[in-house]
Amino acid sequence: RQVSTQSTGELGAQLRQDLSSTSSLMLKITEENSLMSHNYVLLHSLSVRNPYVDVLNLIQVEVLKRLRALREMDSSEEEKVLSCPAAAVPQLPHEQRELRMLHDAFVTSVTGIAAGMRNSG
């Protein structure tokens, strides 16, 4: 697990516990053995989608870790870097260029995950 603070780790633990409790309750209410066992089309769609979306989630974790390490720039400088035209990126100093590339990678991963979820439920 990649977390930046103890409170973030605690939040993650609480969310995992809530998911487990909610899943157990749903199975009890629906009297099913597994979630969505009655919806074969959606189950198949998710099983095809997840390997792709999982990789994008792992990329996001790594990109966020690297972005946090670069967050020493003041916000006005960061805004300038993130809004500069793509053609100007190669001329930026190394740290600013890296920030821009990581930001672009993060946005691309978010877009990819959103598209995967939109197209497959």
Side-chain angles (χ1 to χ4, degrees):
R1 295 191 179 109
Q2 301 277 334
V3 295
S4 60
T5 65
Q6 182 178 349
S7 64
T8 304
E10 291 168 0
L11 175 61
Q14 182 62 51
L15 290 172
R16 284 186 293 279
Q17 177 59 44
D18 290 350
L19 174 62
S20 178
S21 298
T22 302
S23 297
S24 296
L25 185 58
M26 287 299 298
L27 292 173
K28 190 173 184 178
I29 291 169
T30 61
E31 298 179 347
E32 299 283 343
N33 293 326
S34 64
L35 295 174
M36 298 184 295
S37 60
H38 62 283
N39 192 336
Y40 302 112
V41 173
L42 182 57
L43 277 173
H44 176 72
S45 180
L46 294 176
S47 71
V48 170
R49 175 198 80 189
N50 282 350
Y52 298 98
V53 173
D54 290 348
V55 171
L56 291 173
N57 283 318
L58 294 173
I59 289 169
Q60 273 187 340
V61 169
E62 182 61 28
V63 168
L64 285 171
K65 186 169 108 179
R66 292 181 187 193
L67 279 169
R68 286 185 187 122
L70 285 176
R71 289 296 171 163
E72 312 222 348
M73 246 179 251
D74 69 51
S75 60
S76 63
E77 182 182 4
E78 184 177 326
E79 187 177 318
K80 187 172 73 174
V81 169
L82 297 179
S83 63
C84 79
V89 172
Q91 286 75 40
L92 292 171
H94 174 74
E95 189 173 279
Q96 291 179 355
R97 191 171 56 245
E98 186 175 3
L99 173 67
R100 174 60 184 267
M101 291 187 317
L102 288 169
H103 177 267
D104 290 351
F106 180 75
V107 170
T108 301
S109 70
V110 168
T111 302
I113 291 168
M117 295 182 81
R118 181 177 55 247
N119 293 333
S120 61

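Positions are given from 1 along the sequence.
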Return yes when atom CZ of Arg66 has more than 12 non-hydrogen atoms of other residues, nucleotides or ligands closer than 6.0 Å, and no otherwise. no

Within the supplied structure, the quantity of interest is the number of heavy atoms (other residues, nucleotides, ligands) at a distance under 6.0 Å from Glu32 CD; does it exceed 12? yes

Taking Lys65 first and then Glu62, would you say they form a salt bridge - that is, a charged N and a carboxylate O separated by under 4.0 Å? yes

If you look at every heavy atom in Gly112 and Leu56, which pair is closest and at what distance? C-CD1, 3.7 Å

Considering only residues two or more places apart or on different chains, which pairs with a residue in residues 98-113 satisfy salt bridge (Lys or Arg N to Asp or Glu O under 4.0 Å)? Arg100-Asp104

Applying a strict under-4.5 Å side-chain criterion to I, L, V, M, F, W and Y, I'd like to know whether Leu70 and Val81 cluster together. yes

Point-to-point distance, once rounded to the nearest 0.5 Å, from CG of Leu99 to NE2 of His94: 11.0 Å

According to a 4.5 Å side-chain heavy-atom criterion applied to Ile, Leu, Val, Met, Phe, Trp and Tyr, with indirect links allowed, do Leu42 and Tyr52 form part of one hydrophobic cluster? no

Minimum-distance pair of heavy atoms, taken over all atoms of Cys84 and Val89: SG-CG2, 4.0 Å

Mark yes or no for whether Ser21, through its side chain, and Gln17, through its backbone, hold a donor-acceptor pair below 3.5 Å. yes

Supply the atom-to-atom distance Leu15 CG to Ser20 OG, rounded to the nearest 0.5 angstrom. 12.5 Å

Just verifying a value: how many Å separate Leu25 CG and Asp18 CG, rounded to the nearest 0.5 Å? 12.0 Å

Single-linkage hydrophobic cluster Leu102~Leu82, side-chain heavy atoms < 4.5 angstrom: yes

Which atom pair, heavy atoms only, marks the closest approach of Ser109 to Gln60? OG-CG, 2.9 Å

Are Leu46 and Val48 grouped together when hydrophobic residues (ILVMFWY) are joined by side-chain heavy atoms under 4.5 angstrom apart? no

If Ile, Leu, Val, Met, Phe, Trp and Tyr residues are connected whenever their side-chain heavy atoms lie under 4.5 Å apart, and connections chain through other members, are Leu58 and Val63 in the same group? no

Can you spot which of Lys80, Met101, Arg97 makes a side chain to side chain contact (heavy atoms under 4.5 Å, CB included) with Leu92? Arg97

Quick one: CG on Asp54 to CD1 on Ile59, what's the gap to the nearest 0.5 Å? 11.0 Å

Pro90 to Ala87 - nearest heavy-atom pair and separation: CD-O, 3.4 Å

Applying side chain to side chain contact (heavy atoms under 4.5 Å, CB included), run through His38 and Thr30 and close with a yes or a no. CA-CA 10 Å; His38 62 283; Thr30 61; over 6 Å; no

Set of side chain to side chain donor-acceptor pair (under 3.5 Å) partners for Glu31, sequence neighbours left out: none

Answer yes or no: does atom CE of Met26 have more than 12 heavy-atom neighbours from other residues, nucleotides or ligands under 6.0 Å? no

Polar side-chain atom of Ser47 near backbone of His44 as donor-acceptor pair, under 3.5 Å: yes

Which atoms form the tightest heavy-atom contact between Asn33 and Leu27, and what is the distance? C-CD2, 4.0 Å

Rounded to the nearest 0.5 Å, how far does OG of Ser83 lie from CD of Glu78? 10.5 Å

Is the side chain of Ser45 donor-acceptor paired with the backbone N or O of Val41 at a distance under 3.5 Å, no angle test? no

Verify side chain to side chain contact (heavy atoms under 4.5 Å, CB included) between Glu77 and Gln96, making sure each step is shown before the conclusion. CA-CA 9 Å; Glu77 182 182 4; Gln96 291 179 355; 2.5 Å; yes

